[in-house]
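Each remark here refers to the structure printed beneath this line.
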Amino acid sequence: MHDLATRRSAAAMRAEGRSWSQISRLLGVSRSTLRAWEARGPVARASDCACCDDVALDQSSYAALLGFYLGDGCISRHARYYALRVSCDASLPAIIADVSACMSAVRPAARIFHVPAPGAVVVSSNWQHWPCLFPQHGPGRKHERTIVLEDWQRAVVETRPGPFLRGLFHSDGCRARNWTRRRVAGEWKRYDHPRWQFTNVSADIRELCCWALDLAEVRWRQSSWNCVSVSRRADVARLDALIGMKQ
Ligand SMILES: [Zn+2]
């Protein structure tokens with residue numbers, strides 16, 4: 001696969017009046033490929049966007065960022081760009097760092113901003129192409145519109161459910177440390193029952209969470225209308241290993 005720079009070089013050489021054979025020799029690209037490139041039209045301006053240009057997407061970071069976006073993120077339109085914002089709990093520095101790293105990996109040229117808000121730090125970055133990568137962007141609040149992943153997004157999550165679940169649970173989830181006392185052979189013993197809960201008012205987003213849990217073979221149940229719980233010991237351990245603690 002040829003990179004975009006090679007395509008641009010070919011276009012520039014053609015504009016200088018060189019023949020296909022000359023360009024082919026200089027760039028080491030077959031003439032049939034060069035002709036196919038020309039038929040595709042001018043090369044788009046370099047955008048770093050995996051949807052618009054031939055650039056690779058860091059799929060694990062993207063899967064996590066998609067989870068964060070669906071959990072506590074939003075995209076807003078400005079005159080010359082879109083702002084992607086993910087609101088993070090100010091007391092969880094590792095998650096703030098994780099969101100920032102995922103944004104940087106998905107768009108390496110991105111400048112990442114950390115904007116303080118009451119009890120929160122909003123991690124944000126401006127780019128024209130955020131809606132290409134997050135086509136779920138639309139008017140109104142996420143739970144008031146239909147959220148359906150595109151086929152390419154589903155393919156990313158199918159191979160990387162762990163990072164996607166990390167994004168979801170580290171934004172709209174919590175790990176509760178429930179415990180009970182039970183009398184065993186005349187003695188009171190304490191039993192800890194940690195469990196993960198994902199709470200979101202969008203039925204579509206809850207469904208995506210359940211789908212990803214199924215992909216990761218983590219059993220779940222709907223514990224209330226807006227909450228998905230993972231509470232069996234083996235499943236909690238599996239999810240812990242996949243996504244890590246919230247910190
Ligand atoms: Zn794009």
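In this chain, residues are counted from 1 in sequence order.
- By the 4.5 Å heavy-atom criterion applied to side chains, Asp48 and Asp53 are not counted as neighbours.
- Scanning for side chain to side chain contact (heavy atoms under 4.5 Å, CB included) contacts around His114 gives Ile96, Ser100, Ile112, Val121, Val123, with sequence neighbours left out.
- Counting heavy atoms of neighbouring residues, nucleotides and ligands inside a 6.0 Å radius, atom CD of Glu16 exceeds 12 of them.
- The NE2 atom of His137 sits 11.0 Å away from atom SG of Cys132, with the distance rounded to the nearest 0.5 Å.
- Side-chain atoms of Ser30 and Ser32 form a donor-acceptor pair, as typed in the model, at a separation below 3.5 Å.
- No side-chain donor-acceptor contact under 3.5 Å links Ser61 to the backbone of Asp58.
- Taking the centre and axis of the six-membered ring of Trp20, the NZ or CZ atom of Arg31 falls outside the cone set by 45° and 6.0 Å.
- Judged by distance alone, the side chains of Trp220 and Asp214 do bring a donor and an acceptor atom under 3.5 Å apart.
- Between the side chains of Tyr69 and Gln136, not a single donor N or O lies within less than 3.5 Å of an accepting N or O.
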Enumerate, atom names and distances included, each donor-acceptor pair closer than 3.5 Å involving a side-chain atom of residues 227-235, sequence neighbours excluded.
unit_1, atom_1, unit_2, atom_2, d
Ser229, OG, Gln197, NE2, 3.4
Ser229, OG, Ser223, OG, 2.7
Asp235, OD1, Arg219, N, 3.2
Asp235, OD2, Arg219, NE, 3.0
Asp235, OD2, Arg219, NH2, 3.3

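- Within 6.0 Å of CD in Gln222 there are more than 12 heavy atoms belonging to other residues, nucleotides or ligands.
- The salt bridge (Lys or Arg N to Asp or Glu O under 4.0 Å) analysis of residues 183-204, with sequence neighbours excluded, yields the pairs Arg190-Asp192.
- Interatomic distance, CH2 of Trp188 versus CZ of Arg182, reported as 10.5 Å (0.5 Å rounding).
- Residues Cys209 and Asn200 form no side-chain contact, since every pair of their non-hydrogen atoms from C-beta on lies 4.5 Å or further apart.
- For the residue pair Ser171 and Asp72, the shortest heavy atom distance occurs at O-OD2, 3.4 Å.
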Test log, rule ring-ring contact (aromatic ring centres under 6.0 Å, His included), inputs Phe169 and Phe164: CA-CA 9 Å; Phe169 277 89; Phe164 180 64; 9.9 Å; no
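- A 4.5 Å side-chain heavy-atom check between Leu165 and Phe198 finds every atom pair outside the cut-off.
- Counting only residues at least two apart or on different chains, the side chain to side chain donor-acceptor pair (under 3.5 Å) pairs with a member in residues 237-247 are Arg175-Asp240, Trp196-Asp240.
- In the model, Asn226 has a side-chain atom that pairs as donor or acceptor with a side-chain atom of Ser224 under 3.5 Å.
- No continuous path of hydrophobic side-chain contacts links Val55 to Leu66 [ILVMFWY only; heavy atoms under 4.5 Å].
- In the hydrophobic clustering of ILVMFWY residues, with side-chain heavy atoms under 4.5 Å counting as a link, Phe68 and Val115 come out apart.
- In this structure, CG in Leu26 is found 10.5 Å from OG in Ser21, a value given to the nearest 0.5 Å.
- Note that the CG atom of Leu208 and the CG atom of Leu168 stand 7.5 Å from one another [nearest 0.5 Å].
- In terms of heavy-atom proximity, Val99 sits nearest to Cys88 at CG2-SG, 3.9 Å.
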Begin with the C-alpha distance, continue with both residues' side-chain angles, and end with the deciding distance and a verdict on side-chain contact (heavy atoms from CB on, under 4.5 Å) for Arg111 and Trp127. CA-CA 9 Å; Arg111 228 183 119 192; Trp127 192 23; over 6 Å; no
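- Under a hydrophobic clustering in which Ile, Leu, Val, Met, Phe, Trp and Tyr are joined whenever their side-chain heavy atoms come within less than 4.5 Å, directly or via other members, Met103 and Leu57 fall into the same cluster.
- Seen from the ring of Trp130, Arg85 does not count as a face-on cation partner, given the 6.0 Å and 45° thresholds.
- Asp172 and Gly71 make their closest contact through OD2-O, 3.0 Å (heavy atoms, listed as atom of the first residue, atom of the second, distance).
- Met245 CE to Ile243 CD1: the interatomic distance, rounded to the nearest 0.5 Å, is 7.5 Å.
- Residue Leu70 comes nearest to Lys142 through the heavy atom pair O-CE, 3.1 Å, listed as atom of the first residue, atom of the second, then distance.
- In this structure, Trp225 and Arg206 have side chains that are in contact, with non-hydrogen atoms separated by less than 4.5 Å.
- For the atom pair CG of Asp89 and SG of Cys174, the computed distance is 11.5 Å after rounding to the nearest 0.5 Å.
- Among pairs with a residue in residues 143-153, none fulfils salt bridge (Lys or Arg N to Asp or Glu O under 4.0 Å), at least two apart in sequence or across chains.
- Annotation: side chain of Leu133 is in contact with side chain of Trp152 (closest heavy-atom distance under 4.5 Å).
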Just list the side-chain donor-acceptor pairs under 3.5 Å for residues 77-84, sequence neighbours left out, or say none.
unit_1, atom_1, unit_2, atom_2, d
His78, NE2, Ser76, OG, 3.4

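- Leu34 and Ala10 make their closest contact through CD2-CB, 3.7 Å (heavy atoms, listed as atom of the first residue, atom of the second, distance).
- No continuous path of hydrophobic side-chain contacts links Val86 to Phe113 [ILVMFWY only; heavy atoms under 4.5 Å].
- Between the side chain of His129 and the backbone N or O of Arg107 there is no donor-acceptor pair closer than 3.5 Å.
- A pairwise comparison of heavy atoms in Ala63 and Arg160 identifies CB-O, 3.8 Å as the closest pair.
- In this structure the side chain of Asp98 reaches within 4.5 angstrom of the side chain of Arg166, judged on heavy atoms.
- Tracing side-chain contacts under 4.5 Å through hydrophobic residues (I, L, V, M, F, W, Y), one reaches Leu213 starting from Val236; they form part of the same cluster.
- For the pair Val29 and Ile23, the minimum side-chain heavy-atom distance is 4.5 Å or more.
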